[in-house]
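Everything quoted here is computed from the prediction, not taken from an experiment.
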Amino acid sequence: QVQLVESGGGLVQAGSSLRLSCAASGRTFDSRAMGWFRQAPGKEREFVAAISWSGGSTAYADSVKGRFTISRDNVKNTVYLQMNSLKPEDTAVYYCAASRGLRVAVALADFGSWGQGTQVTVSS
């Protein structure tokens, strides 16, 4: 199994930026393609961004495309989510997830390991 720990969340003003980190430990062999999801109060968990094992392919939800960037450092076993031009609508708990697959995946069911989440709050 792989353990995932998110960090970097916080409270920021609209238009500001945050960088989330997800550190993987344990059986990182089981952490190939990676993704970020978020869940706001009263809403279902939704896809935000994903990246292939090599980092060569990425995918983004339409709501964050052009503002968020996912990246990874396989030497450090860490995945990042750079969030720019944050909006109040981005307020949610952000979760890091790992898939055993190599390709980009965007469905919840494609990810077998999840972090505990980190809170991101964007004030207007």
Side-chain angles (χ1 to χ4, degrees):
Q1 295 183 340
V2 60
Q3 290 76 50
L4 306 174
V5 179
E6 303 97 332
S7 62
L11 172 63
V12 297
Q13 293 286 328
S16 188
S17 299
L18 277 176
R19 188 194 193 197
L20 305 183
S21 297
C22 173
S25 61
R27 294 186 178 182
T28 55
F29 180 82
D30 293 328
S31 178
R32 297 177 176 176
M34 301 289 293
W36 287 96
F37 293 76
R38 66 187 182 186
Q39 186 167 22
K43 297 183 179 180
E44 295 184 350
R45 192 169 301 185
E46 66 176 358
F47 167 76
V48 175
I51 189 168
S52 63
W53 177 84
S54 68
S57 297
T58 58
Y60 298 93
D62 289 340
S63 60
V64 306
K65 190 172 296 183
R67 299 188 298 120
F68 291 9
T69 302
I70 187 171
S71 62
R72 69 189 300 164
D73 185 337
N74 287 349
V75 175
K76 296 182 178 180
N77 296 126
T78 302
V79 179
Y80 306 95
L81 184 67
Q82 179 66 45
M83 305 185 295
N84 298 327
S85 301
L86 283 164
K87 305 175 181 179
E89 304 92 275
D90 296 318
T91 295
V93 176
Y94 283 71
Y95 297 90
C96 176
S99 171
R100 295 187 70 249
L102 295 173
R103 297 183 180 184
V104 165
V106 300
L108 286 166
D110 291 328
F111 296 86
S113 299
W114 296 82
Q116 83 289 346
T118 184
Q119 176 70 231
V120 172
T121 303
V122 184
S123 62
S124 59

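Put simply, the side chain of S99 gets close to the backbone of D110: a donor and an acceptor are under 3.5 Å apart. Although no hydrogens or angles enter the test, the distance criterion places no donor-acceptor pair under 3.5 Å between the side chain of S57 and the main chain of S52. Side chain of Q116 to backbone of E6: a donor-acceptor contact under 3.5 angstrom is found.
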Checklist line | Worked verdict on L4 versus M34 for side-chain contact (heavy atoms from CB on, under 4.5 Å) | finding: CA-CA 11 Å; L4 306 174; M34 301 289 293; 4.0 Å; yes
Item checked: side-chain contact (heavy atoms from CB on, under 4.5 Å) between Q119 and T91, worked out -> CA-CA 8 Å; Q119 176 70 231; T91 295; 4.1 Å; yes
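What you find for N74 and R72 is that their closest heavy atoms are OD1-NE, 2.7 Å. Scanning both residues, V104 and A59, for their nearest heavy atoms gives CG1-CB, 3.5 Å. Scanning both residues, I70 and Y60, for their nearest heavy atoms gives N-OH, 2.9 Å.
A search for salt bridge (Lys or Arg N to Asp or Glu O under 4.0 Å) contacts involving K65 returns D62, not counting sequence neighbours. Scored by the salt bridge (Lys or Arg N to Asp or Glu O under 4.0 Å) test, R67 finds D90 as partners (sequence neighbours excluded). Q13 pairs by the side-chain hydrogen bond (donor to acceptor under 3.5 Å, both in side chains) definition with S123, not counting sequence neighbours. Legend: residues meeting salt bridge (Lys or Arg N to Asp or Glu O under 4.0 Å) with E46, ordered by chain and number and at least two apart, are R38. With sequence neighbours left out, F37 forms a ring pair (Phe, Tyr, Trp, His ring centres under 6.0 Å) with F47, F111, W114.
Residues Y95 and V106 are members of one and the same hydrophobic cluster, defined by side-chain heavy-atom contacts under 4.5 angstrom among Ile, Leu, Val, Met, Phe, Trp and Tyr. Both V79 and V2 are part of a single hydrophobic cluster, where members link through side-chain heavy atoms under 4.5 Å apart. Y80 and V120 are members of different hydrophobic clusters when ILVMFWY side chains are connected at heavy-atom separations under 4.5 Å. L108 and W36 fall into different hydrophobic clusters, where Ile, Leu, Val, Met, Phe, Trp and Tyr side chains are chained together by heavy-atom contacts under 4.5 Å.
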In residues 14-24, what donor-acceptor pairs under 3.5 Å come from side-chain atoms, sequence neighbours left out?
from, atom 1, to, atom 2, distance (Å)
S17, OG, N84, OD1, 2.9

